[in-house]
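Here the structure is a predicted model, which means the values were calculated and not measured. Throughout, protein chains are lettered first and strands after them, A, B, ... in sequence-line order, and every chain is numbered starting at 1.
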Amino acid sequence: MNWDPVDHTVLANEQVIDGRGWRSGALVEKREIPMYFMRITAYADELLNELDNLPGWPEQVRTMQKNWIGKSYGVRFAFPYQLEGKAEQLWVYTTRADTIMGVTFCAVAAEHPLATHAAKNNPELAAFIEECKQGGVAEADLATMEKKGMATGISVTHPLTGEQVPVWVGNYVLMGYGEGAVMAVPAHDERDFGFAKKYNLPIKQVIQVEGETFSLEAWAEWYGDKEKGVCVNSGKYDGLNHAQAVDAIAADLKTKNLGDKQVQYRLRDWGISRQRYWGCPIPIIHCPSCGDVPVPADQLPVVLPEDVKIDVGSPIKKMPSFYETTCPKCGGKAERETDTMDTFVESSWYYARYTGPDNDKSMLDGRAKYWLPVDQYIGGIEHAILHLLYARFFHKLMRDVGLVECNEPFTRLLTQGMVVAPTFYRDGSDGKKQWINPADVDLALDDKGRPTGATLKADGQPVIIGGTEKMSKSKNNGVDPQAIIDQYGADTARLFMMFAAPPDQQLEWSDAGVEGAFRFLKRLWKAVHDHVEQGVVASYAGGELNAELKALRFQLHSAIQKVSDDYGRRQQFNTAIAAVMELMNALGKVNGNDATTRAVMQEALEAVVRLLAPIVPHICHALWSELKPGSCLGSAAWPEVDQAALVQDEIELMIQVNGKLRGSITVSKDAAKDAIEQLALANPNVRKFMEGKPAKKVIVVPGKLVNVVV
RNA sequence: GCCGGGAUGGCGGAAUUGGUAGACGCAGCGGAUUCAAAAUCCGCCGCUGGCGACAGUGUGGGGGUUCGAGUCCCCCUCCCGGCACCA
């Protein structure tokens with residue numbers, strides 16, 4: 001954990017800025033703190049494999065979860081060594097056992113027992129180990145920090161060559177991950193290469209890719225290649241490829257009892273303890289004689305007390321009335337756990353609780369089995385891994401105790417892009433940033449629309465422009481759509497937001513264009529009323545149509561098809577709205593008052609109202625009752641595509657010469673390929689650009705275009 | 001640093017399977033209506049050249065594959081999300 005030595009508190013990663021606590025400014029230390037975990041790793045394989053059974057999930061989310069779980073096939077093996085006359089083993093894990101003959105040193109974490117031992121009589125090393133404990137624990141910090149190390153003076157024995165291999169302490173090796181130790185092959189691992197160059201450690205090439213030349217001077221991409229490389233300088237393993245070498249080496253290690261193949265996961269167990277008030281209390285009682293005892297089922301749930309005083313730290317940690325209790329086992333004096341659960345725990349099953357919110361006997365009941373899984377789940381892409389992986393895990397836990405029956409919680413997933421907005425702040429007197437809401441700021445723009453400065457509306461004084469980030473409470477850059485709702489109504493606000501961008505795309509918030517949505521709804525309202533004023537009629541059901549009405553019905557039914565597909569399959573609402581807008585533009589151009597025209601108009605307007613209802617429900621309900629008096633939109637069927645209306649007699653084909661657009665021809669829908677070619681070659685503009693040369697090739701893409709190659 | 005996304009007119013975006021780049025909307029410009037304005041309606045609207053017909057050019061940058069690339073492949077830049085205690 002990140003420990004602030006001044007404030008004596010655990011800090012969230014977000015609260016560690018450049019290795020310092022956000023309030024105290026003190027250098028943060030890494031500290032081990034006892035805590036409770038949920039064993040999500042026991043479900044790693046199922047969580048991974050089931051990703052292939054989630055066709056309704058976006059590919060990118062499945063890929064991210066797959067990479068996060070990070071199943072790897074490698075070899076776990078040991079370097080034997082003697083310590084104070086005793087035989088010991090330094091265990092490491094690698095996915096590149098084929099490079100094992102190129103090991104020139106090992107690196108261990110600062111907290112590794114070997115490092116602790118070596119530091120006993122080595123004050124310089126002890127100081128270095130202390131230094132390694134500084135800084136935050138976030139993976140991003142660890143990955144970007146300068147790689148540092150120091151020799152321990154201890155050597156271990158290479159399990160295959162018998163050579164002595166020096167052991168270093170490395171600030172980039174983590175005790176909590178894997179074995180807390182790694183083998184280093186500088187010739188074939190970029191990080192090890194940099195480390196070896198920096199500390200002048202030997203580099204031994206053991207992989208060769210044909211046609212390449214190895215150089216100690218600089219790292220090259222192929223050094224790390226495991227597809228094309230074969231072993232060299234590796235004795236009996238020379239000439240073997242990656243898979244063969246791993247097999248042979250693993251077998252030899254196994255013979256020596258010093259290792260074997262092993263499957264590993266990047267996924268770690270889920271630490272759920274939080275030293276905060278706000279969260280579900282962890283139901284454990286600490287008894288001096290019985291140890292950690294679970295709170296008996298009949299005393300659950302442990303309820304968070306509400307009569308608390310909030311000042312510094314969690315109030316329940318200073319509240320004897322909460323934590324003083326008796327041991328359920330021995331009846332002696334005991335204390336409740338005062339850590340609470342990560343709020344991700346609750347967000348991992350709330351969706352199931354919705355099926356029985358009134359149940360005060362158990363967390364879920366049979367209704368959960370009836371309703372689940374959730375057909376369509378919607379959440380921000382920022383939850384692609386943590387929340388969605390925890391929820392999947394928790395669902396499987398609930399399945400395994402019989403609370404739910406399905407394997408996965410969410411059948412279809414839509415991950416909406418973040419709504420991002422600029423951030424603004426001032427440096428407060430306490431050194432903390434005061435975040436200012438974009439609505440309270442005036443922006444000055446240059447002629448290219450880029451911001452040049454910003455001032456607070458209230459005092460006209462400048463504020464600092466921060467980055468554009470996802471809207472959040474902590475950065476105070478959220479924008480409330482209430483202002484739009486107040487001015488234009490909820491339908492306009494909904495239409496505008498759905499029209500702005502596809503939902504899975506990130507969107508920089510701006511209310512420019514909201515007028516356009518409002519105008520469109522006014523046009524729709526007027527179009528229906530203009531029609532209804534002349535009396536409602538039965539919608540078109542068949543009969544001869546002139547070319548104009550035929551074209552209109554083509555557009556109408558194309559729109560129905562497109563909107564249905566956009567809503568159902570593509571989940572892209574901006575294009576669905578655009579299709580209806582195009583249709584409305586076409587309807588606006590219709591002249592004529594005859595019975596057939598009015599019937600087609602009735603058909604079109606009825607369709608439009610139903611197509612838009614999911615986006616702008618209020619106005620559509622009102623308009624539907626005008627178009628179909630006595631009927632309710634809520635029970636109206638979704639409009640159906642009339643396939644006959646989609647048949648066109650003639651189609652327009654684009655003509656290209658050498659891939660460049662040079663004109664178009666209109667042909668009958670079932671014109672033969674030869675006839676199309678002849679027509680294209682006869683086109684005056686085509687002849688002009690052919691410059692008298694013969695056509696080498698004519699490509700006809702049915703229904704699309706003709707390309708003449710000369 | 002690693003993993004996942006993204007970059008297209010002045011702006012938001014469209015182009016779904018490699019086949020008309022810029023749909024739809026905003027802003028802007030011109031016109032109609034009006035005493036005037038608002039509202040509404042009509043037209044124009046990537047860039048360069050041209051009175052124009054039209055031609056050239058153009059989807060972050062560089063290379064490649066293809067009859068044809070916004071779309072596929074390789075390399076690069078920048079932006080956003082996640083990186084296990086923001087949730």
Can you check the distance between A23(B) and C11(B), where both ends of the measurement are the P atom (answer in whole Å)? 15 Å

Asn707(A) atom CG is separated from U66(B) atom P, nearest whole Å, by 15 Å

Answer for the Watson-Crick or wobble partner of G68(B), both distances under 3.5 Å, is none

Identify whether any heavy atom of Asn574(A) sits under 4.0 Å from a base atom; if not, whether one sits that close to sugar-phosphate; answer base, sugar-phosphate or nothing. sugar-phosphate

Rounded to whole Å, CD of Glu59(A) lies from C1' of C3(B) at a distance of 14 Å

Rounded to whole Å, the CE-C1' distance (Met498(A) to G13(B)) equals 14 Å

- Message: If I pick the C1' atom on C45(B) and the same atom on G30(B), what distance separates them, to the nearest angstrom?
- Response: 11 Å

Taking for Arg569(A) and for Gln15(A) the nucleotide of RNA chain B with the nearest heavy atom, the one nearer the 5' end belongs to Arg569(A)

Taking a pair to mean Watson-Crick or G-U wobble geometry with both distances below 3.5 Å, A38(B) pairs with none

*Take atom NZ of Lys198(A) as the centre, draw a 6.0 Å sphere, and report whether it contains more than 12 heavy atoms from other residues, nucleotides or ligands.*
yes

Any side-chain N or O of Arg570(A) less than 4.0 Å from the OP1 or OP2 oxygen of A15(B)? yes

- prompt: Which part of the nucleic acid, if any, lies within reach of Phe518(A) when heavy atoms closer than 4.0 Å are counted: base, sugar-phosphate only, or nothing?
  reply: nothing

Worksheet item: Does one side chain, of Ser347(A) or Tyr390(A), offer a donor that lies under 3.5 Å from an acceptor on the other?
Response: no

The nucleotide from A23(B), G25(B), A84(B) with an atom nearest the side chain of Leu386(A) is A84(B)

In whole angstroms, the gap separating P of A87(B) from CD1 of Ile385(A) amounts to 17 Å

Which whole number of Å gives the distance between the C1' atom of G63(B) and that of U48(B)? 26 Å

With the side chain defined as heavy atoms from C-beta on, Asn13(A) is closest, among G81(B), A84(B), G25(B), to A84(B)

**Report entry** Sugar-phosphate only, base, or nothing, as touched by Trp270(A) at under 4.0 Å among non-hydrogen atoms
**Finding:** nothing

Which value, in whole Å, describes the distance between the P atoms of nucleotides C54(B) and C44(B)? 15 Å

*asked:* Suppose you measure atom P in G64(B) against the same atom in G10(B); what distance do you get, rounded to whole Å?
replied: 28 Å

Evaluate the ring planes of Tyr567(A) and Phe573(A), with Trp represented by its six-membered ring, and classify them as parallel (under 30°), tilted (30 to 60°) or perpendicular (over 60°).
tilted

Side chain to side chain donor-acceptor pair (under 3.5 Å) with Arg274(A): of Asp342(A), Thr340(A), Asp339(A), Thr343(A), only one passes, and it is Asp342(A)

Pairwise P distance, G82(B) and C76(B) [rounded to whole Å] | 25 Å

### Task
Would you classify Met1(A) as touching base, sugar-phosphate or nothing, given that sugar-phosphate means primed atoms plus P, OP1 and OP2, and contacts are heavy atoms under 4.0 Å?
base

query: So does Arg268(A) get a side-chain nitrogen or oxygen closer than 4.0 Å to the phosphate oxygens (OP1/OP2) of A84(B)?
result: no

Checking N1-N3 plus N6-O4 or O6-N4 for Watson-Crick, or N1-O2 and O6-N3 for wobble, each under 3.5 Å, the partner of U57(B) is G46(B)

Heavy atoms under 4.0 Å, any strand shown: does His383(A) hit a base, just sugar-phosphate, or nothing? base

For A87(B), the nucleotide meeting Watson-Crick or G-U wobble distances (both under 3.5 Å) is none

Separation of C85(B) atom C1' from Trp3(A) atom CH2, nearest Å, is 14 Å

* With a 4.0 Å cut-off on heavy atoms, is Lys522(A) in touch with a base, just the backbone sugar-phosphate, or nothing at all? -> sugar-phosphate

Paired to C26(B) by Watson-Crick or G-U wobble criteria (both distances under 3.5 Å) is G10(B)

Notebook entry, point to check: Will you find, in the side chains of Gln572(A) and Thr575(A), an N or O donor that is under 3.5 Å from an N or O acceptor?
Noted result: yes

Of Asp566(A) and Lys688(A), the one whose closest nucleotide on RNA chain B sits nearer the 5' end is Asp566(A)

Problem set entry | Gln264(A) and Ser72(A): CA distance, side-chain angles, deciding distance, side-chain hydrogen bond (donor to acceptor under 3.5 Å, both in side chains) verdict | CA-CA 5 Å; Gln264(A) 266 203 3; Ser72(A) 67; 5.1 Å; no

Q: Say whether Thr9(A) and Asp4(A), considering side chains only, have a donor N or O and an acceptor N or O under 3.5 Å apart.
A: no

**OP:** Please check if the distance between the ring centroids of Phe496(A) and Tyr488(A) is under 6.0 Å.
**Re:** no

- May I ask you to say what Ala384(A) touches in the nucleic acid, namely base, sugar-phosphate or nothing, with a heavy-atom cut-off under 4.0 Å? nothing

With sugar-phosphate meaning primed atoms plus P, OP1 and OP2, does Arg276(A) contact a base, only sugar-phosphate, or nothing at under 4.0 Å between heavy atoms?
base

A15(B) phosphate, OP1 or OP2: any side-chain N/O from Gln572(A) under 4.0 angstrom? yes

If the C1' atom of C73(B) is compared with that of C83(B), how far apart are they to the nearest Å? 29 Å

- Would you indicate, yes or no, if G68(B) has its OP1 or OP2 atom less than 4.0 angstrom from a side-chain nitrogen or oxygen of Asn658(A)? no

### Query
Do any side-chain nitrogens or oxygens of Asn585(A) fall under 4.0 Å of OP1 or OP2 in G25(B)?
yes

hbond_proxy Gln275(A) side chain to C85(B) base (donor-acceptor, 3.5 Å cutoff): yes

- Message: Base, sugar-phosphate or nothing for Leu267(A)? Non-hydrogen atoms, less than 4.0 Å.
- Response: base

Partner of C2(B) under the Watson-Crick or G-U wobble criteria, both distances under 3.5 Å, comes out as G82(B)

Tell me, please, whether Trp68(A) has Arg266(A) positioned over its six-membered ring: NZ or CZ under 6.0 Å from the ring centre and within 45 degrees of its axis? yes

>> Distance criterion of 3.5 Å, no angle test: do you see the side chain of Asn67(A) paired donor-to-acceptor with the base of C3(B)?
In response: no

Would you indicate what Arg662(A) reaches in the nucleic acid, counting non-hydrogen atoms under 4.0 angstrom: base, sugar-phosphate, or nothing?
sugar-phosphate

_Heavy atoms only, 4.0 Å cut-off, all strands: where does Thr144(A) land among base, sugar-phosphate and nothing?_
base

Regarding G10(B), purine or pyrimidine glycosidic angle vs 90° from 0 gives anti

_Please tell me if Arg523(A) has a side-chain N or O lying less than 4.0 Å from either OP1 or OP2 of A39(B)._
no

- Item | Presence of donor-acceptor pair under 3.5 Å, side chain of Lys562(A) and base of U16(B) | yes

Practice problem: Looking at every strand, decide which applies to Lys473(A) at a 4.0 Å heavy-atom threshold: base, sugar-phosphate, or nothing. | Solution: nothing

For this session: Using the P atom on both, measure A39(B) against A14(B) and round to a whole Å.
Result: 28 Å

Contact class for Val10(A) vs. all strands (heavy atom < 4.0 Å): base, sugar-phosphate, or nothing? base

Exercise. Do we see a donor-acceptor contact under 3.5 Å between the side chains of Gln65(A) and Arg392(A)?
Worked result: yes

*Give Gln656(A) one of three labels, base, sugar-phosphate or nothing, depending on what nucleic acid heavy atoms sit under 4.0 Å from its own.*
base

